[in-house]
4 protein chains.
Amino acid sequence: MADSARRTGRPRSAAADRAILDATRSALVELGWGGLTMGDVAMRAGVAKTTLYRRWASKSEMVVDAVAVLFDELELPDLGSLRADVESVVLAFAALLERPETKTALMAVVAEATRDDALRTRIRTTIVERQKHLVVEGRRRAQARGELPPDPPGPEGAAAADRAVDLVFDVIAGAVVHRSLVSAESVTPVWARALTALLLHGLSSTTGPAPKTAAEPAPDDRSGGA
Amino acid sequence: MADSARRTGRPRSAAADRAILDATRSALVELGWGGLTMGDVAMRAGVAKTTLYRRWASKSEMVVDAVAVLFDELELPDLGSLRADVESVVLAFAALLERPETKTALMAVVAEATRDDALRTRIRTTIVERQKHLVVEGRRRAQARGELPPDPPGPEGAAAADRAVDLVFDVIAGAVVHRSLVSAESVTPVWARALTALLLHGLSSTTGPAPKTAAEPAPDDRSGGA
Amino acid sequence: MADSARRTGRPRSAAADRAILDATRSALVELGWGGLTMGDVAMRAGVAKTTLYRRWASKSEMVVDAVAVLFDELELPDLGSLRADVESVVLAFAALLERPETKTALMAVVAEATRDDALRTRIRTTIVERQKHLVVEGRRRAQARGELPPDPPGPEGAAAADRAVDLVFDVIAGAVVHRSLVSAESVTPVWARALTALLLHGLSSTTGPAPKTAAEPAPDDRSGGA
Amino acid sequence: MADSARRTGRPRSAAADRAILDATRSALVELGWGGLTMGDVAMRAGVAKTTLYRRWASKSEMVVDAVAVLFDELELPDLGSLRADVESVVLAFAALLERPETKTALMAVVAEATRDDALRTRIRTTIVERQKHLVVEGRRRAQARGELPPDPPGPEGAAAADRAVDLVFDVIAGAVVHRSLVSAESVTPVWARALTALLLHGLSSTTGPAPKTAAEPAPDDRSGGA
DNA sequence: TGGTAACCGAGACGGTACGTCATGTCTTATT
DNA sequence: AATAAGACATGACGTACCGTCTCGGTTACCA
């Protein structure tokens with residue numbers, strides 16, 4: 001309605017967009033970030049190079065768009081307890097990072113972004129921030145269940161809650177990424193359980209009463225203990 | 001006697017090695033990973049391109065060697081408590097990641113390594129494993145101070161201890177890297193204290209009696225609590 | 001209709017072709033064959049190296065095209081007698097071989113061609129065969145003047161005529177090239193007269209009556225006689 | 001006596017010289033001039049590159065020495081008539097030029113020599129001048145047989161004789177080289193006979209009586225006639 | 001018989017050019 | 001005006017040889 005800015009000339013092909021992003025993902029799988037070229041993506045998509053450059057300013061931005069959709073697959077099923085919810089999302093996130101198109105692309109675009117503000121912003125809005133809602137939602141549910149205390153009232157309380165969300169997000173995502181890509185060891189259910197135990201105990205003992213989950217004995221607690 | 005592997009021909013110049021790695025670091029600072037070229041490094045080092053390729057199979061491996069030495073600067077000063085030790089190393093690690101040569105290089109080589117086994121191995125042996133001793137040493141000290149329980153006896157106990165070290169390492173390093181490079185927010189002393197609190201509480205409440213450090217009230221606990 | 005071989009895409013720049021061949025000749029003059037590099041030619045022509053390689057498979061083929069045009073300058077002025085015509089073309093050919101761009105290039109590409117069939121063919125069609133018409137034309141004129149007997153009739157006669165043309169061509173071109181480039185002595189009018197005398201006597205005495213030209217006393221016959 | 005310049009130190013290995021020149025020839029056969037490298041020759045000869053450079057200033061000079069010896073194989077057997085002698089040497093020279101090591105090397109070093117005075121001199125003294133004696137000797141024999149008139153007396157006569165030798169040498173060598181390498185057609189006995197006929201008639205008709213050889217009917221005279 | 005000086009192999013070195021590849025822009029003609 | 005095709009300027013790539021330079025070690029002559 002309001003965007004009648006483009007009226008004249010041939011409109012852009014929506015099919016081309018889809019074909020290009022599909023081609024980008026398949027090229028990532030086969031060639032990795034380093035082997036991916038604009039010309040090759042164009043050829044796979046049956047499209048001219050010009051068409052790519054008309055839509056994205058750089059390879060990095062195109063890849064961010066191509067990969068972002070994969071992160072939307074992550075969901076937070078309500079499994080009845082915070083422990084179960086966290087373990088589930090840890091494993092789902094690890095599985096996502098195991099896929100060749102994400103594994104190779106994520107670190108590469110982050111590396112590019114260290115020198116490119118626009119790209120960094122695009123990554124944050126397109127990928128990072130959209131996943132943070134998983135933490136927000138999980139926390140809300142846990143509070144509803146009584147597993148976590150409610151947010152303190154007032155603007156200071158909200159800020160503290162935000163800081164807590166950010167910390168938990170960086171710890172979970174960071175640990176999984178580091179384990180998976182830097183340490184290069186696989187994220188097993190055992191490891192996920194240990195990480196979850198560490199996290200929940202860390203959260204619970206500082207604030208208020210012991211949550212319910214702390215009472216459930218974890219069978220292999222020793223592996224996660226220090 | 002047994003180490004006379006290289007006997008014949010002109011020996012490689014140690015000065016060239018130094019000049020190349022220095023040039024690599026300064027080129028990283030000025031140009032970043034993406035702008036760094038072998039020819040430019042060679043020129044800065046006053047060396048021929050062939051001399052680079054004679055020593056390293058790729059730009060990635062050269063950069064790993066160039067930045068690895070920076071990671072060796074990390075130390076674990078004995079500040080008297082586990083909490084202080086952890087906070088100190090978190091801040092030191094974050095400061096290291098803020099340096100332009102590490103910031104731009106680390107994610108890039110990790111990205112490359114997702115498709116290159118040799119490079120992944122090189123990163124692990126040259127950078128990752130050598131920093132893990134910080135965790136080992138910190139844990140040993142904390143056990144000596146009575147802040148953490150001693151290792152369980154027997155081979156199973158040792159294995160559990162190894163798993164614990166790995167987990168803590170991935171959590172600390174991962175959280176810092178993710179905060180710094182992916183979330184692209186600075187690691188402040190406040191954030192470091194919150195992370196440390198989360199970690200120490202997580203470790204303490206699973207095993208045995210409450211350690212001494214847990215009793216110390218952290219002034220801004222709310223920022224790290226959930 | 002049938003010649004629409006190239007329809008799509010940006011057409012090749014004719015200006016680039018000209019600039020490249022001009023640059024090749026001037027580089028040959030200044031640097032010689034050995035000093036000529038593709039990159040330098042590209043720079044002189046204000047063109048990218050890839051543009052050269054898009055047109056020619058090798059330096060040799062490019063140089064053949066660049067010097068071929070110079071050979072087209074050779075003409076056969078009708079000076080009224082076979083002797084004068086031959087002397088004229090011998091001197092013109094020698095002058096051409098004295099030019100630095102031909103002198104340095106011709107032997108070099110011939111040397112390359114000893115191992116490269118495609119190049120040999122290119123030289124033959126682009127340079128050698130196109131000059132043979134000088135012999136054919138000179139012979140035709142001499143026959144018209146009665147200086148040489150007409151071709152024998154029938155296909156055998158034509159074949160014999162072809163063989164004669166080839167032989168004369170190889171003798172003239174070969175002697176001039178050898179004198180100029182191998183013996184490295186200059187082709188003077190005296191030498192040209194001696195060669196012409198040798199050739200004309202050789203041709204005349206085998207067939208029929210003494211032609212008119214043989215009767216003209218050459219002033220410095222001694223220099224060419226044996 | 002006079003060559004006591006080198007007294008002390010280890011003398012150069014004569015075996016190395018032989019091995020290097022042999023290796024040069026075999027490398028020429030396999031790789032041609034363009035593919036021949038100093039490193040490869042050194043390896044084939046079981047010798048260090050330094051040893052090559054201690055003996056020759058350049059690849060060209062080394063190759064000249066390596067192929068020069070092949071030209072010494074040419075001989076002038078006394079077949080009883082000038083015609084037979086010339087035909088024989090034409091065919092022998094052509095056979096020599098058919099050998100891969102000479103074919104590719106001769107034109108290449110001549111090409112190099114167009115810009116290198118020292119090399120040109122080396123070629124002249126090592127290859128060209130040493131073959132000219134074939135013409136001198138053939139002429140002397142023909143004079144002894146009465147097939148050619150004796151040299152005119154006095155210094156002018158000697159100079160004229162020299163010029164004649166040079167001309168004949170350039171004609172024979174040039175025609176064979178041009179036919180073989182530029183026109184790229186094989187030198188057959190028929191062609192050799194035609195060239196010889198042309199040459200002998202050219203020489204005979206200018207000076208004195210018809211030589212004996214002119215009386216022998218050549219079976220395929222037509223091929224050489226014009 | 002022990003120096004000494006030039007030789008030798010190996011191979012690293014600073015260079016230069018190679019021919020290829022990808023980038024991002026531009027010209028065509030077509031839709 | 002968007003498209004497919006493909007030529008274009010640019011610039012890095014990794015390789016190959018060049019001719020020079022260290023190395024450790026080997027002869028042959030001479031004192």
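Order of the sequence lines sets the chain letters (A, B, ...), proteins ahead of strands, with each chain counted from 1.
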Asks: Could you state the CZ-P distance from Arg55(B) to dG14(F), rounded to the nearest angstrom?
Replies: 17 Å

Asks: Rounded to whole angstrom units, what separation is found between the CH2 atom of Trp33(A) and the C1' atom of dT23(E)?
Replies: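 Rounding to the nearest Å, CH2 of Trp33(A) and C1' of dT23(E) are 13 Å apart.
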
Asks: Gly39(D) or Ala14(C): which one's nearest nucleotide on DNA chain F is closer to the 5' end?
Replies: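 Mapping each residue to its closest nucleotide by heavy atoms, the 5'-most match is Ala14(C).
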
Asks: Name the residue closer to the 5' end of DNA chain E, choosing between Leu36(C) and Pro11(B) according to the nucleotide with the nearest heavy atom.
Replies: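 Checking each residue's closest nucleotide, the 5'-ward one belongs to Pro11(B).
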
Asks: Under the 3.5 angstrom rule, does the side chain of Thr126(A) hit a backbone N or O of Ile123(A) as a donor-acceptor pair?
Replies: no

Asks: Using atom CZ of Arg12(C) as one end and atom P of dC26(E) as the other, report the distance to the nearest whole Å.
Replies: 21 Å

Asks: For Asp40(C), is there an ion pair with Arg44(C) - N to carboxylate O distance below 4.0 angstrom?
Replies: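 Yes, this pair counts.
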
Asks: Could you tell me how far apart Met62(B) (CE) and dG14(F) (P) are, to the nearest whole angstrom?
Replies: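 Taking atom P of dG14(F) as the reference, CE of Met62(B) is at 10 Å.
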
Asks: Whether Thr50(D) contacts dC7(E) is assessed here as follows: a side-chain N or O lying under 4.0 Å from the phosphate OP1 or OP2. Is that the case?
Replies: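 Answer no for this pair, as no side-chain N or O of Thr50(D) is under 4.0 Å from OP1 or OP2.
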
Asks: Whole angstroms only, please: what is the CD-P distance between Glu112(A) and dT23(E)?
Replies: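 Atom-to-atom, Glu112(A) to dT23(E), this comes out as 12 Å.
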
Asks: Under 3.5 Å, is there any donor-acceptor pair linking the side chain of Lys49(D) to the base of dG19(F)?
Replies: yes

Asks: From C-beta outward on Tyr53(B), which listed nucleotide comes closest to its side chain: dA17(E), dG11(F), dT15(F)?
Replies: dT15(F)

Asks: Nearest-Å distance, CD (Glu61(C)) to P (dG19(E))?
Replies: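 Value for this atom pair: 12 Å.
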
Asks: Quick check: on DNA chain F, is the nucleotide nearest Thr51(A) upstream (toward 5') of the one nearest Met38(B), or the reverse? Name the residue that is more 5'.
Replies: Thr51(A)

Asks: Establish whether the base of dC21(F) is bridged to the side chain of Arg10(B) by a donor-acceptor pair shorter than 3.5 Å.
Replies: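 Indeed, a donor on one side and an acceptor on the other fall under 3.5 Å apart.
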
Asks: Leu52(D) CG to dC18(F) P: how many Å, rounded?
Replies: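 Atom-to-atom, Leu52(D) to dC18(F), this comes out as 10 Å.
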
Asks: Look at Arg54(C) and dC8(F) and indicate whether a side-chain polar atom (N or O) is within less than 4.0 Å of OP1 or OP2.
Replies: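 Yes.
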
Asks: Quick check: on DNA chain E, is the nucleotide nearest Ser13(B) upstream (toward 5') of the one nearest Gly9(C), or the reverse? Name the residue that is more 5'.
Replies: Ser13(B)

Asks: Starting from C1' on dA12(F), measure out to CE on Met43(B) and report it in whole angstrom.
Replies: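 To the nearest whole Å, that distance equals 14 Å.
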
Asks: Give the intermediate values and the outcome of side-chain contact (heavy atoms from CB on, under 4.5 Å) for residues Leu106(D) and Val67(D).
Replies: CA-CA 8 Å; Leu106(D) 187 60; Val67(D) 293; 5.9 Å; no

Asks: So which atom in Thr51(A) and which in Arg55(A) form the shortest heavy-atom distance, rounded to 0.1 Å?
Replies: CG2-NH1, 3.0 Å

Asks: Using modelled atom types only, decide if a donor and an acceptor are shared between the side chain of Thr24(B) and the backbone of Val63(B) within a distance under 3.5 Å.
Replies: no

Asks: As a test of reading the structure: which of dC13(F), dT23(E), dG9(E) is closest to the side chain of Thr37(B), going by heavy atoms?
Replies: dC13(F)

Asks: Can you tell which of dC18(E), dA10(E), dA9(F) lies closest to the side chain of Ala48(C)?
Replies: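 The nucleotide sitting nearest to the side chain is dA9(F).
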
